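Position 1 is the first residue of the sequence; numbering continues from there. Keep in mind that what you see is a predicted model, and the values were worked out from it rather than measured.
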Amino acid sequence: MRRIYTPASAATGVEDVLKMLEGRWKLIILFHLFDGKVQRYSDLEKLIPGISQKMLAQQLRQLEADGIVARTVYPQVPPKVEYRLTEWGQALCPALDALLKWAEQKEAFHPTEHADDARA
């Protein structure tokens, strides 16, 4: 049964979701894990230039704690750690795709902003 939202409960729900996804790197990490991709920690480091090891580990831990990312550790030397989206995390893909499509519409609504940028 679908929940019925009031403006106040919808705002609270959105705030809760944004808290899970906040952080400079979380969405970038998620995009690298979409489509069922499994990535090793070292691969994520290479795919995301500019992220420190500490920040990558912190963001992955938070995503794991929120149930969005699953972590698999293989008992070997050197350690092998892989990350993938959980089923619930994969369900986030259409919402983020919709955000990208929404952002693309900005030019249709504000064409002069882009024209000004091109002239500068």
Q: Would you give the length of the straight line joining atom CD1 of Ile4 to atom OG of Ser9, rounded to the nearest 0.5 angstrom?
A: 10.0 Å
Q.
Counting neighbours of CD on Glu87 that are heavy atoms of other residues, nucleotides or ligands and sit closer than 6.0 Å, is the number greater than 12?
A. no
(Q) Could you work out, with salt bridge (Lys or Arg N to Asp or Glu O under 4.0 Å) as the rule, every residue matching Lys37, not counting sequence neighbours? (A) none
Q. In terms of hydrophobic clustering (I, L, V, M, F, W, Y; side-chain heavy atoms under 4.5 Å; direct or indirect links), are Leu100 and Leu33 co-clustered?
A. yes
Q | Leu99 reachable from Phe109 in the ILVMFWY side-chain graph, under 4.5 Å edges | A | no
(Q) Can you give me the closest heavy-atom contact between Met20 and Leu63, atom names plus distance? (A) O-CD2, 4.4 Å
Q) Applying salt bridge (charged side-chain N to carboxylate O under 4.0 Å, His left out), which residue pairs with at least one partner in residues 13-25 are found, sequence neighbours left out? A) Glu15-Lys19
Q: Hey, could you give me the CD1/CG distance between Ile29 and Leu44, rounded to the nearest 0.5 Å?
A: 6.5 Å
(Q) Assigning hydrophobic clusters by single linkage (Ile, Leu, Val, Met, Phe, Trp, Tyr; side-chain heavy-atom cutoff under 4.5 Å), is Val14 placed with Ile68? (A) no
Q. Which ring pair (Phe, Tyr, Trp, His ring centres under 6.0 Å) pairs, counting each pair once, include a residue from residues 30-80, with sequence neighbours left out?
A. Phe31-Phe34
**Q.** Ile51 vs Ile28 side-chain heavy atoms within contact, under 4.5 Å
**A.** no
Q. Do Leu47 and Leu27 belong together in a cluster built from hydrophobic side chains that touch within less than 4.5 Å?
A. yes
Q: Calculate, to the nearest 0.5 Å, the distance between atoms CG and CD belonging to Leu60 and Gln58 respectively.
A: 10.5 Å
Q) Could you go step by step and tell me if Leu30 and Leu21 meet the side-chain contact (heavy atoms from CB on, under 4.5 Å) rule? A) CA-CA 10 Å; Leu30 293 177; Leu21 300 176; 3.8 Å; yes
Q: Please check if the side chain of Lys26 supplies one atom and the backbone of Gln59 the other of a donor-acceptor pair under 3.5 Å.
A: no
Q: Kindly indicate, with the supporting measurements, whether the criterion side-chain contact (heavy atoms from CB on, under 4.5 Å) is fulfilled by Thr86 and Val69.
A: CA-CA 5 Å; Thr86 61; Val69 168; 5.8 Å; no
**Q.** Over 12 foreign heavy atoms within 6.0 Å of CG, Leu18
**A.** yes
